[in-house]
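For reference, the structure is listed below as structure tokens.
All residue numbers in this chain count up from 1 along the given sequence. Quantities reported herein were computed from a predicted structural model and do not represent experimental measurements.
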Amino acid sequence: MCARALCFIHLQVMAILARPDKTSKVRRFWNWYHHSIGRATILLAIGNIFLGLSIAQEISAYIVSYGVFVAVWVVAVAAFEMKRCYADDD
């Protein structure tokens, strides 16, 4: 899982070199790629932290507190994504 996350991180950094202009027709597809790889990287990082906590045999309070943090973060991200989607429609 960690290796995949590192590969995605490197893809994100290398994507800067291939980023088209804002007026380019392929910019929409580049944005889809960029957002999808970024979201997948974040999901892998979250899974990697849970896996690390399990392997380290940490007390369940750490796992629960990190789970609460991730849940709050997901709600905030969902709210901002909805706001962004509705703002584009105007």
Side-chain angles (χ1 to χ4, degrees):
M1 189 175 328
C2 181
R4 289 186 194 128
L6 285 175
C7 288
F8 284 168
I9 290 168
H10 289 291
L11 281 174
Q12 284 289 75
V13 172
M14 295 301 292
I16 292 171
L17 300 174
R19 188 171 87 176
D21 292 333
K22 288 188 177 189
T23 58
S24 176
K25 292 181 180 180
V26 296
R27 178 67 181 242
R28 179 177 61 174
F29 300 111
W30 185 88
N31 281 337
W32 288 346
Y33 157 80
H34 181 67
H35 290 213
S36 298
I37 294 294
R39 289 179 181 126
T41 303
I42 291 170
L43 289 174
L44 286 172
I46 289 170
N48 196 26
I49 291 173
F50 276 117
L51 182 64
L53 288 172
S54 297
I55 290 172
Q57 298 177 348
E58 291 295 328
I59 57 176
S60 63
Y62 289 147
I63 296 173
V64 170
S65 62
Y66 185 67
V68 169
F69 169 76
V70 169
V72 169
W73 182 78
V74 165
V75 168
V77 167
F80 285 128
E81 283 290 322
M82 288 178 61
K83 180 182 176 188
R84 184 181 62 88
C85 287
Y86 288 125
D88 287 345
D89 291 341
D90 292 340

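I49 and I63 fall within the same hydrophobic cluster, where Ile, Leu, Val, Met, Phe, Trp and Tyr residues are linked whenever their side-chain heavy atoms come under 4.5 Å apart, directly or through other members.
Within the structure, salt bridge (charged side-chain N to carboxylate O under 4.0 Å, His left out) contacts touching residues 12-34 (residues at least two apart or in different chains) do not occur. Among residue pairs with one or both ends in residues 41-57, none qualify as salt bridge (charged side-chain N to carboxylate O under 4.0 Å, His left out); sequence neighbours excluded. For residues 64-76, no pair satisfies side chain to side chain donor-acceptor pair (under 3.5 Å), with sequence neighbours left out.
Across T41 and I37, no two heavy atoms sit closer than the pair OG1-O, 2.7 Å. Across every non-hydrogen atom of F50 and G67, the tightest pair is CZ-CA, 3.8 Å.
For the ring pair (Phe, Tyr, Trp, His ring centres under 6.0 Å) test, no residue two or more places apart in sequence or in another chain qualifies with F69. For A40, the side-chain contact (heavy atoms from CB on, under 4.5 Å) criterion is met by F8, not counting sequence neighbours. Residues meeting the side-chain contact (heavy atoms from CB on, under 4.5 Å) test with I59, sequence neighbours left out: A61, Y62. The side-chain contact (heavy atoms from CB on, under 4.5 Å) test applied to V74 returns V70, not counting sequence neighbours. Every salt bridge (Lys or Arg N to Asp or Glu O under 4.0 Å) that R39 has, sequence neighbours left out, goes to E81.
Note that CG of N31 and OG of S36 are 10.0 Å apart. Values are rounded to the nearest 0.5 Å. If you take NE2 on H34 and CD1 on I16, they are separated by 7.5 Å, rounding to the nearest 0.5 Å. Within the model, atoms CG of L53 and CG of N48 stand 10.0 Å from one another, a figure rounded to the nearest 0.5 Å.
In this structure, L17 shares a hydrophobic cluster with M14, the cluster being traced through Ile, Leu, Val, Met, Phe, Trp and Tyr side chains under 4.5 angstrom apart. Taking a 4.5 Å side-chain heavy-atom cut-off between Ile, Leu, Val, Met, Phe, Trp and Tyr, the cluster of F29 extends to W32. Clustering of Ile, Leu, Val, Met, Phe, Trp and Tyr side chains at separations under 4.5 Å leaves V13 isolated, with no partner residue.
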